[in-house]
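Chain letters run A, B, ... following the sequence lines, proteins first, then strands; residues in each count from 1. Please read all numbers here as calculations on a predicted model, not as lab measurements.
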2 protein chains.
Amino acid sequence: MSTPGKKEQIYAAARALFSTRGYAATTVRDIAKEVGIRGASVYAHVDGKERILWDLVIEAADAFRDAVRPIMASPLAPDEKLRLAMAEHVTVIARNIETSTIYFHEWQHLSPARKRAVRDRRDTYEQLFRAVIAEGMKKRVFAKRDPRHVSIVLLSSLNGVSTWFRPSGPLSPESLGALYADLLLKGILR
Amino acid sequence: MSTPGKKEQIYAAARALFSTRGYAATTVRDIAKEVGIRGASVYAHVDGKERILWDLVIEAADAFRDAVRPIMASPLAPDEKLRLAMAEHVTVIARNIETSTIYFHEWQHLSPARKRAVRDRRDTYEQLFRAVIAEGMKKRVFAKRDPRHVSIVLLSSLNGVSTWFRPSGPLSPESLGALYADLLLKGILR
DNA sequence: CCTACCGATCGGTAGG
DNA sequence: CCTACCGATCGGTAGG
């Protein structure tokens with residue numbers, strides 16, 4: 001019999017293990033042990049190992065989209081939209097550090113069809129940034145560069161926070177978002 | 001009998017496989033197949049799988065240090081030093097995209113002692129950046145922020161180039177380095 | 001550099 | 001949710 005809540009425990013264990021050891025180096029038995037059941041019993045709650053990864057990847061992709069889309073759809077000026085979007089993006093990472101790390105690094109272990117779906121969602125998301133960057137350049141509030149390059153440099157830079165942020169540290173997700181937005185908008189020079 | 005050059009072929013195959021599939025998802029037999037030998041024969045040339053990873057990680061760490069240390073030791077002004085160092089760092093990644101990707105993502109699969117050694121080298125390298133950033137702030141050429149935060153945000157941002165750069169693309173390693181240095185020094189705003 | 005082989009472990013299924 | 005088990009595969013060694 002499956003206990004209510006057990007499935008969520010399995011996903012919580014998978015989040016921790018996939019994000020630290022990586023998907024390929026984590027076994028179903030590792031996850032089971034963390035939850036206090038046998039390896040085979042995991043399959044009473046979950047379709048399989050890859051299905052867990054897929055659910056976690058979608059969880060992360062949704063979090064980014066839901067945080068940033070309303071900002072981009074708002075009537076704010078491009079520089080304000082970009083500032084808020086960058087800050088939100090970083091804050092989402094910091095608040096969901098495990099899932100975000102999995103999203104960035106482990107999606108490649110999905111099946112080809114699911115990999116394609118991830119790439120599509122990521123491209124759609126990046127397009128949100130590219131549009132506001134292009135708008136800001138047109139309105140001469142941003143320096144003129146290739147918007148495609150800037151959007152990808154910018155997003156990959158923001159994603160870097162997942163490699164070093166620790167929730168136990170002194171920085172809050174919000175102050176971290178503000179730091180990144182400020183630094184990337186204004187640069188290091190004064 | 002071991003053929004001369006075979007060892008380098010094994011390392012070339014490992015660079016390609018570790019950087020795309022990841023260390024844990026790559027088998028010794030995968031590497032062997034790429035080289036055209038049997039899995040067991042790999043051990044005539046190499047100590048073991050982890051030793052290959054270790055050698056590749058050190059290869060990358062050396063490349064970064066050798067490129068950036070002379071710049072930091074030069075008598076240039078802090079903003080010029082930082083610009084050159086950032087550009088060189090990105091250029092090294094782009095020129096060694098496979099090894100760099102392994103360095104950033106796969107070092108965690110090393111033994112505890114080797115992991116510690118990697119962390120130490122990485123900290124020493126980051127210190128080079130932190131010092132010039134602190135110097136630039138003191139001389140009021142950089143905006144005043146926490147140098148520790150800025151150095152880590154900056155380096156993790158530069159490292160992001162490894163997630164999207166493809167040598168087959170239109171950007172050269174050098175122009176990419178210039179783009180990153182310019183963007184991070186001056187920011188997106190004009 | 002090969003064949004043959006080792007013990008260990010993998011994701012997953014059968015059948016309660 | 002368990003025991004028992006499956007075929008496949010792992011990193012690595014022996015002995016040429």
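Among the heavy atoms of the strands lying under 4.0 Å from B:Gly48 are primed sugar atoms or P, OP1, OP2 only; no base atom is included.
Two residues, A:Arg29 and A:Gly36, neighbour DNA chain D, and the one matched to the more 5' nucleotide by heavy-atom proximity is A:Gly36.
Rounding to whole angstrom units, OH of residue B:Tyr43 and P of D:dG12 are separated by 3 Å. The nearest whole Å value for the distance from the CD1 atom in A:Ile37 to the C1' atom in D:dC2 is 11 Å. Computed from coordinates, the A:Lys33 NZ to D:dC2 P distance equals 14 Å when rounded to whole Å. Rounded to whole angstrom, the span from the CZ atom of B:Arg21 across to the P atom of D:dT9 amounts to 13 Å. Across the protein-nucleic acid pair, B:Tyr23 atom OH and D:dC10 atom C1' stand 12 Å apart, rounded to whole Å. Here C:dG11 presents its C1' atom at 12 Å from CZ of A:Phe18, a figure rounded to the nearest Å. Atom CG in B:Asp47 sits roughly 10 Å away from atom P in D:dG12 (whole-Å rounding). Distance CZ (A:Arg38) to P (D:dC2): 7 Å, rounded to an integer number of Å.
At distances below 3.5 Å, not a single donor-acceptor pair connects side-chain atoms of B:Lys49 with backbone N or O atoms of B:Val28. Of the possible polar contacts, none joining the B:Glu106 side chain to the B:Tyr103 backbone as a donor-acceptor pair under 3.5 Å is found. Between the side chain of A:Thr124 and the main chain of A:Asp120, a donor-acceptor pair closer than 3.5 Å is present.
The aromatic rings of A:Tyr125 and A:Phe64 are tilted relative to each other, their planes meeting at an angle between 30° and 60°. Using a 30° and 60° split on the angle between ring planes, B:Trp164 and B:Tyr180 fall in the parallel class, below 30°.
Checked against C:dC10, C:dC2, C:dT3, the side chain of A:Thr27 finds its nearest nucleotide in C:dC10. Considering only the side chain of B:Ala40, C:dT3 comes nearest among C:dT3, C:dC1, D:dC1. In the set D:dC1, C:dG12, C:dC1, the nucleotide with an atom closest to the side chain of B:Ser41 is C:dC1. Relative to the side chain of B:Val28, the nucleotides D:dC1, D:dG12, C:dC1 differ in distance, and D:dG12 lies closest.
Across all strands shown, D:dC1 is found opposite C:dG16 as a Watson-Crick or G-U wobble partner, with both distances under 3.5 Å.
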